[in-house]
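Values in this document were obtained by computation on a predicted structure and should not be read as measured data.
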Amino acid sequence: MTDLATSTTLDVPSLDVTAVRADFPILARQVHGRPLVYLDNAATSQTPRQVIEVFDDYYGRYNANIHRGLHTLADEATAAFEGTRETVRAFLNAAESREIVFTRGTTEAINLVAGAWGRANLTPGDEVLVSLLEHHSNIVPWQLLASELGIVIKVIPVDERGVLDLDAYRRLFTARTRLVAVNHVSNAFGTVNPVREMAAIAHAEGALILVDGAQAAPHQKVDVRDIDADFYAFSGHKVYGPTGAGVLYGKAGLLEAMPPWQGGGEMIRSVSFETPTTFAAIPHKFEAGTPAIAEVIALGAALKWVDALGLEAIGAWEQRLLAHATARVLRIDGLRILGTAPGKAGVLSFVVDGAHSQDIGLLIDQLGVAIRTGHHCAQPLLTHFGVDATCRASFAAYNTLEEVDVFAEALERVIGMVR
């Protein structure tokens, strides 16, 4: 078989996939006696050695709590932690580093907005627009707020391809619409939403927009000022970083006006039993307690690794993988792809007539191939399309065309077994 992993064309940026793979120790392991083919990147991407080494360095050389210490280790830890804040600012093209709040991930970031901005600004009858494409983490926080405050959740529909209906979106706005909460890229279907246009529409109607960027940040350049997002969130573990570290971007004026979400150390200016407690300036007002220090520093290393490769090159390579995988699986009788939006990200969700997704997932693992099966925390979307689960293969910078072939051949073999 011809090695296509490093080949390029004039319109596709170069990506040396062989060199990329060398950064990932886990890719050398075997599963059930076969070389690992990891295609579950939309759930969690693997981690390069440059990120893994951060943990040994931190815990072996300068492990200390941050911000309040006066000793050398505390100074070094604080500098590394705050250095990541500036790395994230540049990664998102935010105007100021104080607009970057560290969280445990996208889910916590959205809950922060719902809990702080939502409770302070929403009243009974106010409306929040979410799309049918949303992950549960961008649905349930608003449902909880609806049960508490009496707000109204309105759903933006999609067409048969999984493309968001912009005309219907425009018609949903009323004088009571306060917020749009929408993902940048669908984790279940790979649909890339026109968030810049959606933000402009929302702002013209007097509403804010929160963008769930968990599936966009690893695959395309994100410019929060170009989008004009009021809030933008992503998770470290989907962008080649560690679990337990994520980001909420918020416009400074909004963050300043929001009350704290959690109370404790770090987020205060002064505490007294005699006078009201006063709070720290942003972003620290939203970072109560000791954070995941090593994880945040490692997130900075991951973003630098991504920047060194180039998101344009990563995205172009993943598109090539997606095209090759799509062509291969469409040869399989009875296989149906869900999510066929033009220009979608590297996510391939499918169902197979006469075969349950869980059976496919379990058996294909025996052949060394890791895919995701289930509802992908997108039950309303799958229910709309008449299924309760799909198989999902999702791609990253280190995957190869040869791995796609292994996946397709394993899939054909497994389907022959379960039908």
Working to the nearest 0.5 angstrom, can you tell me the gap between [X] [atom1] and [Y] [atom2]?
{"X": "N65", "Y": "L73", "atom1": "CG", "atom2": "CG", "answer": "11.5 Å"}
{"X": "L309", "Y": "L15", "atom1": "CG", "atom2": "CG", "answer": "6.0 Å"}
{"X": "L363", "Y": "R413", "atom1": "CG", "atom2": "CZ", "answer": "10.0 Å"}
{"X": "L129", "Y": "W142", "atom1": "CG", "atom2": "CH2", "answer": "11.5 Å"}
{"X": "N93", "Y": "K221", "atom1": "CG", "atom2": "NZ", "answer": "7.0 Å"}
{"X": "E96", "Y": "I100", "atom1": "CD", "atom2": "CD1", "answer": "10.0 Å"}

Check your understanding: Within a reach of under 6.0 Å around NZ of K304, are more than 12 heavy atoms found that belong to other residues, nucleotides or ligands?
Key -> no
Point to revise | More than 12 heavy atoms of other groups within 6.0 Å of R419 CZ | key: yes
Between the side chain of [X] and the main-chain N/O of [Y], is any donor-acceptor distance below 3.5 Å?
{"X": "S186", "Y": "T191", "result": "no"}
{"X": "T390", "Y": "R392", "result": "no"}
{"X": "H324", "Y": "R320", "result": "no"}
{"X": "T84", "Y": "V296", "result": "yes"}
{"X": "Q215", "Y": "A42", "result": "yes"}
{"X": "K344", "Y": "G339", "result": "yes"}
{"X": "N187", "Y": "H376", "result": "yes"}
{"X": "H71", "Y": "A74", "result": "yes"}

What I want to find out is whether [X] reaches [Y] closely enough, with some N-O distance under 4.0 Å, to be called a salt bridge.
{"X": "D167", "Y": "R170", "result": "yes"}
{"X": "D228", "Y": "R196", "result": "no"}
{"X": "E99", "Y": "R225", "result": "no"}
{"X": "R336", "Y": "D353", "result": "no"}

Exercise for review: Show your reasoning for whether ring pair (Phe, Tyr, Trp, His ring centres under 6.0 Å) applies to F102 and F81.
Suggested key: CA-CA 10 Å; F102 290 123; F81 184 90; 5.1 Å; yes
Exercise for review: Taking side-chain contact (heavy atoms from CB on, under 4.5 Å) as the test, write out the residues that go with D56, two or more places apart.
Suggested key: none
Point to revise | All side-chain contact (heavy atoms from CB on, under 4.5 Å) counterparts of T174, not counting sequence neighbours | key: E127, K154, R176, T177
Relative to the ring of [Y], is the ring of [X] parallel (under 30°), tilted (30 to 60°) or perpendicular (over 60°)?
{"X": "F91", "Y": "F234", "value": "tilted"}
{"X": "Y59", "Y": "F55", "value": "parallel"}
{"X": "F407", "Y": "F350", "value": "tilted"}
{"X": "Y398", "Y": "Y38", "value": "tilted"}

Practice item. Please collect all side chain to side chain donor-acceptor pair (under 3.5 Å) contacts where either partner lies in residues 231-248, sequence neighbours excluded, each pair once. Key: T44-H237, T106-S235, H184-Y232
**Study point:** Pairs meeting criterion side chain to side chain donor-acceptor pair (under 3.5 Å) with involvement of residues 107-118, two or more places apart
**Key:** R104-E108
Practice item. Among I110, D230, V128, find the one that has a side chain to side chain contact (heavy atoms under 4.5 Å, CB included) with L210. Key: I110
Quick one, [X] and [Y] - any side-chain contact, counting heavy atoms below 4.5 Å?
{"X": "H356", "Y": "V418", "result": "no"}
{"X": "L208", "Y": "N121", "result": "no"}
{"X": "I360", "Y": "L411", "result": "yes"}
{"X": "F24", "Y": "R49", "result": "no"}
{"X": "L381", "Y": "E134", "result": "no"}
{"X": "D40", "Y": "I371", "result": "no"}
{"X": "V351", "Y": "C391", "result": "no"}
{"X": "L132", "Y": "P380", "result": "yes"}

Practice item. Assess the pair F189 and F385: is the distance between their ring centroids shorter than 6.0 Å? Key: yes
Review point. How about F279 and W261: are their ring centres within less than 6.0 Å of each other?
Key: no
Smallest separation among heavy atoms of [X] and [Y], with atom names:
{"X": "K285", "Y": "A280", "answer": "CB-O, 3.3 Å"}
{"X": "V247", "Y": "A109", "answer": "O-CB, 3.9 Å"}
{"X": "T47", "Y": "I52", "answer": "O-CD1, 3.6 Å"}

Practice item. Mind checking salt bridge (charged side-chain N to carboxylate O under 4.0 Å, His left out) for D159 and listing every partner two or more places apart, or none if nothing turns up? Key: R161
Check your understanding: What pairs with E266 under salt bridge (charged side-chain N to carboxylate O under 4.0 Å, His left out), at least two apart in sequence or on another chain?
Key -> R68
Review point. Going through the distances and angles, do M267 and E287 end up as a side-chain contact (heavy atoms from CB on, under 4.5 Å)?
Key: CA-CA 6 Å; M267 50 75 67; E287 295 177 354; over 6 Å; no
Point to revise | Evaluation steps, side-chain contact (heavy atoms from CB on, under 4.5 Å), between L248 and V113 | key: CA-CA 9 Å; L248 172 67; V113 175; 3.8 Å; yes
Check your understanding: When you check the side-chain N and O atoms of N399 and N41, is any donor under 3.5 Å from an acceptor?
Key -> yes
**Study point:** Worked check of side-chain contact (heavy atoms from CB on, under 4.5 Å) between R21 and T400
**Key:** CA-CA 9 Å; R21 290 179 64 83; T400 68; 3.8 Å; yes
Exercise for review: Would you check, one step at a time, whether the test side chain to side chain donor-acceptor pair (under 3.5 Å) holds for N183 with H135?
Suggested key: CA-CA 8 Å; N183 56 36; H135 188 282; over 6 Å; no
Review point. Would R98 and E256 count as a salt bridge (Lys or Arg N to Asp or Glu O under 4.0 Å) if you check the C-alpha gap in whole Å, the side-chain angles of each, and the deciding distance to 0.1 Å?
Key: CA-CA 10 Å; R98 68 193 184 115; E256 287 176 331; 2.7 Å; yes
Exercise for review: Check the pair D165, V163 against side-chain contact (heavy atoms from CB on, under 4.5 Å), reporting the backbone distance first and the verdict last.
Suggested key: CA-CA 6 Å; D165 186 336; V163 174; over 6 Å; no
